[in-house]
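Beneath this line is the structure, given in structure tokens, with notes to follow.
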Amino acid sequence: MSSSVIDFIATEARFGARNYEPIGVVLSRGEGVWVWDTEGNRYLDCLSAYSAVSQGHCHPKILAAMVEQARRLTLTSRAFHNDQLALFYEEIAALTGSHKVLPMNSGAEAVESAIKSVRKWGYEVKGVPDGQAEIIVCANNFHGRTLAIVGFSTDPETRAHFGPFAPGFKIIPFGDAAALEQAITPNTVAFLVEPIQGEAGVIIPPAGYFTKVRQLCTANNVMLVLDEIQTGLGRTGKLLAEQHEGIEADVTLLGKALSGGFYPVSAVLSNNDVLGTLRPGQHGSTFGGNPLACAVARAALRVLVEEGMVENAARQGARFLEGLKDIRANTIREVRGRGLMLAVELHPEAGRARRYCEALQSKGILAKDTHEQTIRIAPPLVITSDQVDWALERLASTLTQDFS
Ligand SMILES: *Cc1c(COP(=O)(O)O)cnc(C)c1O
């Protein structure tokens, strides 16, 4: 490593809160599926900023929309109208079949906004006694890092010493419809769940789970809130992961790829009822729905559709999964995936996934471990067959090494 690389890393460590433990690479440029470090080494990005860069790094059309809008108008606050918000609403509603949209910035803010909205719906529409609303969530969930959200996490690291936490959440196992049925009470306003648990290690529920969940929520007048911040916008090979079971959520949360990685943009999408309960002054965000965010998101959605990225995710995801399944290595415990949301879970004896990610880095692939034993693989949705095969060769030679 040159001294400049050591400098960036050491300086971060000296001044920064150490709430991350990054792989030892300092990136300075990106284009499509590739990123380059400060020394000019090229890597295939198999994390895509946790799926925020689905459209590929620095997509030229999103970049052009961003620069054009930044020259014209960036922020008005919602105290005034702007000429991008209505177009963003219209386009995202048409694309996702939603009736109402609430624009926010980070994913966690979209989750918090959904929690507030379904509670309000519970009191004002469903008739739950004030202060009694319950929201059901799943064990091993990941919905962000704000206080209400970490309060219903089951990961000790996420929660420890951050309390006291907000009440009103009930935790059930993921993928277990009978547990949902048992947990619902007359005060249940919503079931908040990821279609596929991403941070937990790409955990795919049993077939038929969401069909049953949809039925239970409808039968009990409970809002089904799908956190599609990671699974949405093509990642799993469909525009929304809910489409794999042909269901429709009452509330859908989007973020990450909603801006193609240029800018934090998130949104709560809902039927008329849930977001319809919000009145002026009851919720807001200085940056939410600003013209720059709207212009970026409109371009990010447009290229996703126009350039066939959703279909490509399905096609290349199937190729990638097949290729991973063909790797004969006794380090591998299980390979999972849907679309380009993939994971390789290692046997405990194989050593930490982190070591494999570091070995992959030396071969030109950036991937991220999660939960000690799992390597997650989520390249930009613009990846080609040749690039998938290139990655598979390097994964195969790395996974047959022994780092225990
Ligand atoms: C990343 C993520 C979030 C949080 O998004 P931030 O923008 O980091 O706040 C919420 N839910 C899911 C499923 C995510 O993957």
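Residue indices begin at 1 and follow the sequence shown. Hydrogens, waters and symmetry mates are skipped; everything else that's a heavy atom, side chains included, is used. Order of listing sets the numbers, starting from 1, for every ligand and every atom in it.
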Winner among [options] once heavy atoms are compared against [atom]:
atom	options	value
atom 2 (C) of ligand 1	Lys256, Gln230, Glu228	Lys256
atom 11 (N) of ligand 1	Ile149, Ile196, Asp227, Val265	Asp227
atom 6 (P) of ligand 1	Gly107, Pro195, Pro264	Gly107

Query raised in the report: Which distance, rounded to the nearest 0.5 Å, do you find between the NE2 of His143 and the CZ of Phe152?
Result: 5.5 Å
Query raised in the report: Atom CG in Leu366, atom CZ in Arg42: separation rounded to 0.5 Å?
Result: 12.0 Å
**Report entry** Glu112 and Thr146 side chains, donor-acceptor separation under 3.5 Å
**Finding:** yes
Query raised in the report: Are Gln69 and Thr74 linked by a side-chain donor-acceptor pair shorter than 3.5 Å?
Result: no
Query raised in the report: Should you measure from each heavy atom of Ile229, which atoms of ligand 1 turn up under 4.0 Å away?
Result: 2 (C), 3 (C), 10 (C), 11 (N), 12 (C), 14 (C)
Requested in this report: Only one of Asp326, Asp386, Asp389 passes salt bridge (charged side-chain N to carboxylate O under 4.0 Å, His left out) with Arg319; say which it is.
Outcome: Asp389
Query raised in the report: Counting heavy atoms only, which part of Phe142 comes closer than 4.0 Å to ligand 1: side chain, backbone, both or neither?
Result: both
Query raised in the report: Any idea which part of His143 is under 4.0 Å from ligand 1, heavy-atom wise: side chain, backbone, both or neither?
Result: backbone
Query raised in the report: Is there a donor-acceptor pair closer than 3.5 Å between any side-chain N or O of Glu228 and the backbone N or O of Ala241?
Result: yes
Query raised in the report: What protein heavy atom sits nearest atom 9 (O) of ligand 1, and how far off is it?
Result: Ala108 N, 2.8 Å
